[in-house]
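Numbered from 1 within each chain, the chains take letters A, B, ... in sequence-line order. All figures in this text were calculated on a predicted structure; none of them were measured in a lab.
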Amino acid sequence: MPDDYTPRMQDTQWPIWEVFLQSKTGSPHEHAGSLHAPDFESALENARDVYLRHGDPQTSIWVVESRYIRTVESEDNPEFFEYTKYNIYRHPQFYDVPRGKRTEIERKAIQNRG
Amino acid sequence: MSESQENKFQERIDQGAKIEPRDWMPERYRKQLIRMISQHAHSEIVGMLPEGNWITRAPSLKRKKILLAKVQDEAGHGLYLYCAAETLGVDRRELIDQLHTGKAKYASIFNYPTLTWADIGVIGWLVDGAAIVNQTMLARCSYGPYSRAMIRICKEENFHKVQGFEIVATMAKGTAAQKKMVQDAVNRWWWPTLMMFGPHDSESANTPELMKWKVKTKSNDELRQRFVNLTVRQANAVGLSIPDPHLEYDPESDDWRFGEIDWEEFWNVIRGNGPCNRERLQTRREAHEEGAWVREAAEAYASKRKAEALKQPA
């Protein structure tokens, strides 16, 4: 391979965008992948070309510049996720309550229906 | 890096956990993945070249459209993969420079010429067929972004394989000349396709490490055997022969045993001396440089839109 080659120009390194697709109305937008684009509009157009190319039905598409996404990961910061552990009273199973019982009137009506 | 960190990492891998970009990983894991993913991305991009030559010469409008869509898919696959590699802390720009300067490798198969229309069918059938066998395994790889890109790619790659096999099947039941043309293409592509799975397990320096980390979950020879079994049956279905006098069915294992691969040829092509290595790289560099105006135009258009948006009253 000739290795005297040096690129004449640098590739443009545009910002990275994250693409989210919704496959039907009411479904959550799911992360599909990433791409490079110089601005919002081109990011949307590129996302259409790359991720809608195949023709799987999609109802909506979001693009977000990656640098605007902030994350916390449970492995690095378990305390951040601790909160939910103390929330057991948010679950219906936490409570011990009597079950509903049919009234006398209802029971008779059912018997009469046969 | 501490030994305990490395042990903890291995434990997570053994439990089948996926590794995400922000997770701690051994430097060597990161390096191996960058090498593999970028090599894979380059292969998709260079893979457009042998087929691109046939877009204008495809025998019907339908075939032109299909081939155009397929080549567009390869570009998309390259993009998914460059983005997956970027999650490991390299720039796409850097990776593309490595391709263009010849520092990075791509699949040796794309250094063979496409002489006839039958080659386009056979590439879809054999080359994309081999790629699917390999990629189905990689879809289960331990690195999350690579695995997710592979799942998406596999879904699209099946179209490539089937459209190729359909071209092959059509020609195989065509005129004597068409059948001869497609058999000739099979004869030329068969052995280079088997080489796509890489050297024998015993010669493959990277395999043990990659399997330990579950980047690969099957060895080169296992994948190659699987591909041969699938393909011999498909060749049989369309009445084409496999150019291997040693091909023999082993009823014990239900495998088709095949002859020895010419590894000298394999290494020769890898080293840059295949029939089209120089041409492919030169075409790729020219495409990149001659495409610079498209990137500049996109930037100019983006700044124009931005200026207009600022002018608009709120």
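Annotation: the span from A:Arg53 atom CZ to B:Glu156 atom CD amounts to 4.5 Å, rounded to 0.5 Å. Once rounded to the nearest 0.5 Å, the distance linking NE2 of A:His36 with CZ of B:Arg295 reads 12.5 Å.
Taking B:His77 as the reference, B:Tyr80, B:His160 meet the ring pair (Phe, Tyr, Trp, His ring centres under 6.0 Å) condition, with sequence neighbours excluded.
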**OP:** Take A:Asp76 and B:Arg22 through the salt bridge (Lys or Arg N to Asp or Glu O under 4.0 Å) test and state the conclusion after the steps.
**Re:** CA-CA 9 Å; A:Asp76 308 338; B:Arg22 285 166 40 96; 3.0 Å; yes
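With a 4.5 Å cut-off on side-chain heavy atoms, B:Arg92 and A:Ile16 do not count as touching.
Heavy-atom proximity under 4.5 angstrom to chain B picks out A:Ala32, A:Ser34 from residues 25-34 of chain A.
For chain B, no part of A:Asp56 is nearby; none of its heavy atoms comes within less than 4.5 Å. Of the atoms belonging to A:Glu18, not a single heavy atom falls under 4.5 Å from chain B. Interface residue B:Asp73: backbone and side-chain heavy atoms are both found under 4.5 Å from chain A. Within the 4.5 angstrom heavy-atom criterion, only side-chain atoms of B:Arg152, from C-beta onward, approach chain A.
Other residues, nucleotides and ligands contribute only 12 or fewer heavy atoms inside 6.0 Å of the CZ atom of A:Phe40. In the displayed structure, B:Tyr301 atom OH is contacted under 6.0 Å by at most 12 heavy atoms of other residues, nucleotides or ligands. Within a 6.0 Å radius of CD1 in A:Ile105, no more than 12 heavy atoms belonging to other residues, nucleotides or ligands are found. Within a 6.0 Å sphere centred on CZ of A:Phe80, heavy atoms belonging to other residues, nucleotides or ligands number 12 at most. For CD of B:Glu264, the number of neighbouring non-hydrogen atoms (other residues, nucleotides, ligands) closer than 6.0 Å is 12 at most.
Contact tally against chain A (heavy-atom pairs below 4.5 Å) for B:Asp91, B:Asp23, B:Thr87, B:Leu79: the top residue is B:Asp91. Of all the listed residues (B:Lys155, B:Glu86, B:Lys306), the one sharing the greatest number of non-hydrogen pairs under 4.5 Å with chain A is B:Glu86.
For the residue pair B:Ala298 and A:Pro38, the shortest heavy atom distance occurs at O-CG, 3.9 Å.
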